[in-house]
Structures are given as C-alpha cells and as structure tokens.
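All ligand and atom numbering here is 1-based and tracks the order in the structure.
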Amino acid sequence: MNQTSFVLKGDICYSAGPNELYTAPDGFLVCLQGQCAGVFPALPEQYASLPLLDYSGFLVTPGLTDLHVHAPQYTFRGLGMDLELLDWLNTHTFPEEAKYRDLDYAETAYRRFVDDVRAGPNTRACIFATVHPEATLLLMDLLEESGLVTLVGKVNMDRNSTPDLQEISAQASAEATLAWLEAQAGRYQRTGPILTPRFLPSCTDGLMERLAQIQQQHHLPVQSHLSENQGEVAWVRELCPSSSSYGDAYDSFGLFGGADCPTIMAHCVLCTQDEIALMKARGIYVAHCPASNTNLASGIAPVRRYLDEGIPVGLGSDVAGGTHTSIFRAMADAVQVSKLRWRLSDQARAPLTAAEAFYLGTLGGGSFFGKVGSFAPGYECDALVIDDRRFTPAGQRELSQRLERTIYLSEDRDIAHKFIRGAQLF
Ligand code: GUN
Ligand code: FE
C-alpha cells in the first residue's frame, strides 16, 4: 500500500459544501503523494507523465466517514429493535460488550467488523470499543492493518452498568485509560486514540474529572452521546440537577468541545435551545445517526436546524443501534427521516436533499479528520470507484442522478476500488 501519485479518470462527484455538489463527467482526479491536486475536465500537461488509472464509466466519489460506530456491537445487529435505548443497553449491549474481556472472542468479532468495513464505502471512522484496554488495542491493530483511518476509544464507564462490564472505580477507569494510551503511543500511522466517556449516566463525577485531566494532558479528541432518547435525557436531569442541560453537564467537566478539545456528540435528537447555543459556541460535531434514532424510538434530530446554525454535522451508523455500517445507507436514512420530521412536526424547515446527505457523509463528517471528504486541492485523497452498472441503465449519464441512486441502491459489492490517503486498498 504505497502512498503514491497517480491520475484517476472517471465520472467524478464531490461536495465542497452543503449545497455545492461538483460533478466532472469523464474527469481527471490528480493525486500527488496522497493529496488531491484537483479535478480537471482535461488532464493538464504537467500531470501527463503520472500513471493513469482509467475507470471510465465508473462513479468516483470521496470516501465516506462514519462519525459514530460501536465495533463490539457488530455481533448483535438487528437484535432488540423493539426496545428503547436504556432497555436495549441493559438487555443486549452491556452483556455483549462484557464478552470482550476474552481476547479470543474479541479477535474473532473485531476481525469480522474490520473486514466488512474495509470492503464497504467507509474510509474513516470514529469508533467506540469497550472498557477493555487489551481488546481495544487488538481492534486498533486490526484497523491499522486494514488501511482504514480511524480514531478509536477505550470506553469509560464506572456506574450504572452490569458488574461484569463496569470498571470498579473512577481511579481504575482512569488508570486503565492511561495504560491504554501508553501502549498505543507511537504504534500506528492510521489509527489514533479518542477519549470516550460512554455517556453521563455511565460516568461518576470523579471519573469525568479524571478524564478532563487526561484530555488536557494528552490533547485528545472526545466522543460521547448527547440528548439521544427521552428516558435517557430525563435520567440525566436527575443525575445532574444543577446543570441546565445535558450538554451543560459535560461542559461543567470541561469535556464539551472548545479550542483544544475537538468533540463529537452522537445523536443530539432532543437538544434544547440553550444546549444548541452551547454546542455552537463549543464547536461540537454532531454525529447524526438516523437508523439508530428510528430503531430505538429516539426521534429525529433537527439536522436542518444544525446546518442553518453552522453547527458541524456528519453521519454515524451507530451500529448496533443502526444495523448497517455503510454511510451511503445513512445518507438515504437521513433524507427519509428528515421528510418525516418535516411532515409530522417541523414544517418551517425543509427536509434534506440527496446532495446535502452526500455532503454530510463525506465532507461534513470527514472534516473532523482535517482536510478530508472532498476532492478540492489539498484534501487527503480518499476515493471510491463505484460500479453502478447493476442499477444504472446504460446511457443514464446525469451524474447527480447516478449519485442519488447510488446512495439508495449501492451495496458493498458495488465498491470496485478504494483509496485512502492515495493508497489503494483494493
Ligand atoms: N448511549 C450509551 N451507550 C450507548 C450505545 O451503546 N448506543 C447508543 N445508541 N446510545 C448509547
Ligand atoms: Fe452510540
């Protein structure tokens, strides 16, 4: 997987903003040392000597970013989908995650997850592992080997779980986190750590304080869950009576964004006015997870509002709240639930378009990783070559329409080639 320089020819689509979809039929994407030099209708003379990968007739898009996924939950997708969040966590999620203490179990399960994601359209992901440092390292090793670029979190939880999963104290949780950080330091090129307090109900005040110190000392990004489900939000109100909102509770510990604390909050379905203002002030990234929010009866996040406010938003599969890892699937889900929200409760704000959903799943979430998710000059060259002939009749050439149908119809088997930072995975 040498990082390399080449020209990729095909029917190219990419976003440069929520409403800026660029298309280049029979275009040329130039990759120099893993970075995009631009997309051109005709190949500029200066690049004529680079190797040409001719994918004429295939769709070429940026790789997709899954901004929120639980790797250990891949094993029980599609189970308990008649439950709401808190019952689903207790009945299925916590018992399954407890199994990752066993490294043999973890290796088999994580290998399947990594192999499947590698074969699909996602090139980047922000991943929850479990509380177990050894199994988390094993997951990171497998991800590194896969060629995917990911941020992975050893989960922190020292209350309100089952005895076989939850950590015995704030101190034990913090020490395990530090040991994990030390073990992974310097070990990877494509895989990094992200601090992962599961959600407020799982973390004592003492643990949140320790994690804030670790965040500052190690300059780590943070991921967690926010205002997902009614039962959960009511519970947080009881647990944090002095906080004005769920987000304010994270903020009171210093784990809610800000200059040196890039933070992803999954869901953000039920955020209040003040909470949204705080998210905006702190630069919080929203991981919108429409399939999960439907399956666990959480509701529909106000994504149009977040976009109007300039709050950064990407898409998450939230496996196993969601059942499929493909972020193309999440794009279709995002459009569908936005229409229900518009029809049933919020007619002042228009539903999402396919182009906006494509933006969310590429540049929207990708930007958490830096210059990722677009083919504009200077972006890291993550690219998919998609064979859409299975569902696109010959002669249907309008690229925006082919892209929309790919969002709704593509499956992993349609991803013919995949490049990450210019390295070809297949
Ligand atoms: N909140 C706390 N843990 C979880 C989880 O594993 N999945 C989802 N969807 N929400 C959570
Ligand atoms: Fe989640």
Side-chain angles (χ1 to χ4, degrees), residues 66-100 109 113 125-132 136 139 151-162 165-167 173 194-204 207-208 222-236 239 246-247 249-250 255 263-271 285-301 314-325 327 330 333 337 365:
D66 188 345
L67 211 51
H68 182 75
V69 58
H70 299 260
Q73 298 177 15
Y74 195 64
T75 44
F76 73 98
R77 294 174 302 147
L79 251 195
M81 302 278 85
D82 49 354
L83 299 173
E84 281 202 54
L85 172 66
L86 298 177
D87 287 338
W88 174 80
L89 287 174
N90 288 317
T91 308
H92 294 286
T93 311
F94 294 158
E96 178 61 23
E97 290 193 12
K99 296 178 188 170
Y100 287 73
F113 168 78
C126 295
I127 302 176
F128 281 54
T130 62
V131 292
H132 311 100
T136 303
L139 172 62
L151 292 168
V152 180
K154 175 218 150 331
V155 171
N156 296 98
M157 44 197 300
D158 70 338
R159 67 173 174 183
N160 293 319
S161 180
T162 45
L165 182 61
Q166 94 186 21
E167 298 168 293
S173 179
I194 181 166
L195 203 62
T196 306
R198 180 171 210 122
F199 67 158
L200 269 172
S202 294
C203 302
T204 60
L207 177 54
M208 293 299 277
V222 174
Q223 60 181 354
S224 193
H225 297 90
L226 180 67
S227 298
E228 173 178 1
N229 185 278
Q230 286 179 8
E232 172 219 22
V233 172
W235 193 17
V236 170
L239 291 169
Y246 196 158
Y250 284 117
L255 289 170
T263 298
I264 300 166
M265 285 289 163
H267 307 300
C268 306
V269 173
L270 302 169
C271 294
Y285 266 71
V286 174
H288 174 45
C289 306
S292 170
N293 297 157
T294 304
N295 289 327
L296 300 176
S298 298
I300 303 170
L315 296 176
S317 68
D318 194 30
V319 157
T323 48
H324 289 71
T325 53
I327 291 299
D333 292 338
V337 302

- request: Please confirm whether the backbone N or O of G322 pairs with a side-chain atom of R77, one donor and one acceptor, at under 3.5 Å?
  value: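 No, the answer is negative, given that no donor and acceptor are paired below the 3.5 Å cut-off.
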
- prompt: Judged by non-hydrogen atoms, does Q73 sit under 4.0 Å from ligand 1?
  reply: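 Distance cut 4.0 Å: Q73 passes for ligand 1.
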
task: Examine ligand 1 and decide if any of its atoms is less than 4.0 Å from a heavy atom belonging to W88.
output: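 Checking ligand 1 against W88, which is what was asked, there is a heavy-atom contact under 4.0 Å.
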
query: Using a heavy-atom cut-off of under 4.0 Å, does the side chain or the backbone of H267 touch ligand 1, or both, or neither?
result: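 Answer for H267: side chain.
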
- prompt: Which part of F94 is near ligand 1, with near meaning a heavy atom under 4.0 Å away: side chain, backbone, both or neither?
  reply: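 Near ligand 1, F94 shows nothing, with every heavy atom at 4.0 Å or more.
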
- prompt: Using 30° and 60° as the class limits, which term best fits the ring planes of H225 and F128: parallel, tilted or perpendicular?
  reply: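 If you compare the ring of H225 with that of F128, the planes turn out tilted.
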
query: Considering only the protein, which heavy-atom contact is closest to atom 6 (O) of ligand 1, and what is its distance?
result: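 Of the protein heavy atoms, R198 NH2, 2.7 Å lies nearest.
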
- request: Identify, for atom 9 (N) of ligand 1, the protein heavy atom at the shortest distance, and state residue, atom and that distance.
  value: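 So the nearest neighbour among protein heavy atoms is D318 OD2, 2.7 Å.
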
Side-chain contact test, heavy atoms from C-beta onward, threshold under 4.5 Å: evaluate it for [X] versus [Y] and give yes or no.
| X | Y | value |
| --- | --- | --- |
| Q223 | Y285 | no |
| M265 | Y246 | no |
| V155 | H70 | no |
| E228 | L270 | no |

message: Would you say the Fe ion (ligand 2) has H70 as a near neighbour, meaning an N/O/S atom of that residue under 2.8 Å away?
response: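 Yes - counting backbone and side chain alike, H70 has an N, O or S atom under 2.8 Å.
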
field: Residue F199 vicinity, atoms of ligand 1 by number, heavy atom under 4.0 Å
entry: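 Result: 1 (N), 2 (C).
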
message: So if I count the atoms of ligand 1 from 1 in the order they appear, which ones are less than 4.0 Å from some heavy atom of E228?
response: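 Listed by number with element, the hits are 1 (N), 8 (C), 9 (N), 10 (N), 11 (C).
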
field: Three-point angle D318:OD1, the Fe ion (ligand 2), H225:NE2, rounded to the nearest 10°
entry: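 Computed angle, vertex at the Fe ion (ligand 2), rounded to 10 degrees: 170°.
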
message: With side-chain contact (heavy atoms from CB on, under 4.5 Å) as the criterion, how do W88 and N295 come out once you've worked through the C-alpha distance, each side chain's angles and the decisive distance to 0.1 Å?
response: CA-CA 10 Å; W88 174 80; N295 289 327; over 6 Å; no

query: So is T93 polar-close to ligand 1, meaning N/O to N/O under 3.5 Å?
result: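 No, there is no polar N/O contact under 3.5 Å.
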
field: Residues in ring-ring contact (aromatic ring centres under 6.0 Å, His included) contact with H288, at least two apart in sequence or another chain
entry: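 So H288 forms no ring-ring contact (aromatic ring centres under 6.0 Å, His included) with any residue.
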
